[in-house]
Amino acid sequence: MVEIDEDPQLGFESDEDDEELSDGGLQEAFAKGLLKPGMNIPLDKPKKVINNVEGLKKCLAEFKKTLPWAERLDLTNQPAVNVIAKAEGKPQQPEGSEEINAEDDFQREMYFYRQAQATVLLALPKLHKFKIPTKRPEDYFAEMAKTDQHMQKVRKTLLFKQAAMEKSEKAKKLREQRKYGKKVQTQVIQNRQKQKKAMLSAVKKYQKGMTDKLDFLEGDQEQKPKGSAAKKQINTKGPNAKKKYKDQRFGFGGKKKGTKWNTKDSHDDVSGFKAKMAHGKGGKRSGKGGKTNKRPGKETRRKMKGRK
């Protein structure tokens, strides 16, 4: 609290008895604007330095105990050889004269690391001398800081995250496959539309008499390989030959009637003439052994009776 005898900055004079302003009064004065800067000045007191030499010696005597080294395990040594500087060919500084920049984090940490190396190299032979094991046995059981229930929860969380990641990757692959399938399907539909358009165009040209080729009726065919070593593909399937025969006989506005009529060329062609067949000498054979039926016909037998 602040004691004020006379303060013209507050706009009033204090009574003869010193009065202490409460926190509420200070807040009201601050709200009314009666308080002005410069009223409260903090004073920095110099810190009192205490150098209790006797107390420090007493504490050091308490810390220092005459116990065997196996109970204390304390070592004071210089850092190990700087392997990096040795590999780079830099000159090695004598022990105790090496300057370390405390602001350089890497150099400071390397100094601690080298000192720990030197301590280990000195401590291991001593530990072996006192027959103190330095390796953990295979059947050593150490209780974990966390309980089994907590570790089970952690394991379940990790498995859940792993399953979620696998599910996400699987869904991503399915989406990519669907996109690829749609792309292939769209390409196939476009190719079919192009082929259909080309075929309709060829049909229109044929109908108008602009061309006499009927290659477009053979359907989709693979492009023949170019080059002298390319072999022609021969289609030996039956339906194509049958289709060609039907097209030649019935289709495409060709000749339909009179195909079996005799012509001048067929009349002059006597290569298939057989005299035996023409004069009735090539009758059918019946019976066993290829014997012919020698009995005359009914009409012949009637005429023969009339002659008698």
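It should be emphasised that the depicted structure is a prediction, and the values quoted were computed from it without experimental measurement.
- In the hydrophobic cluster analysis, where Ile, Leu, Val, Met, Phe, Trp and Tyr join through side-chain heavy atoms closer than 4.5 angstrom, Phe130 is grouped together with Leu122.
- For the atom pair CZ (Arg108) and CZ (Phe112), the distance works out to 6.5 Å, reported to the nearest 0.5 Å.
- The line from NZ of Lys58 to CG of Leu56 is 12.0 Å long, rounded to the nearest 0.5 Å.
- Contact annotation: the side chain of Leu75 approaches that of Lys126 to within less than 4.5 Å [non-hydrogen atoms, C-beta and beyond].
- Enclosure of atom CG in Asp148 is not indicated, since only 12 or fewer non-hydrogen atoms of other residues, nucleotides or ligands lie within 6.0 angstrom.
- Put simply, CZ on Arg114 and CD on Gln78 are 10.0 Å apart, with the number rounded to the nearest 0.5 Å.
- Looking at Asp104, Asn82, Ile100 one by one, the single match for side-chain contact (heavy atoms from CB on, under 4.5 Å) with Tyr111 turns out to be Ile100.
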Donor-acceptor contacts, no H, no angles, side chain residues 168-193, under 3.5 Å, sequence neighbours left out:
{"unit_1": "Thr186", "atom_1": "OG1", "unit_2": "Lys182", "atom_2": "O", "d": "2.7"}
{"unit_1": "Asn191", "atom_1": "ND2", "unit_2": "Gln187", "atom_2": "O", "d": "3.2"}

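- Within 6.0 Å of CD on Gln149 lie no more than 12 heavy atoms contributed by other residues, nucleotides or ligands.
- Put simply, the side chain of Ser201 never gets that close to the backbone of Lys197: no donor and acceptor are under 3.5 Å apart.
- Remark: side-chain polar atoms of Arg72 are paired, donor with acceptor, to backbone N or O of Leu67 under 3.5 angstrom.
- Ionic pairing of Glu299 and Arg302 is present here: one or more N-O contacts between side-chain nitrogen and carboxylate oxygen are shorter than 4.0 angstrom.
- Between the CD1 atom of Ile132 and the CG atom of Leu124 there is a distance of 11.0 Å, given to the nearest 0.5 Å.
- Residues Leu127 and Val120 are members of separate hydrophobic clusters, defined by side-chain heavy-atom contacts under 4.5 angstrom among Ile, Leu, Val, Met, Phe, Trp and Tyr.
- The distance from atom CG of Asp269 to atom NZ of Lys264, rounded to the nearest 0.5 Å, is 12.0 Å.
- Interatomic distance, NZ of Lys153 versus OG1 of Thr147, reported as 8.0 Å (0.5 Å rounding).
- The two residues Ala118 and Pro79 make their nearest non-hydrogen contact at CB-C, 4.0 Å.
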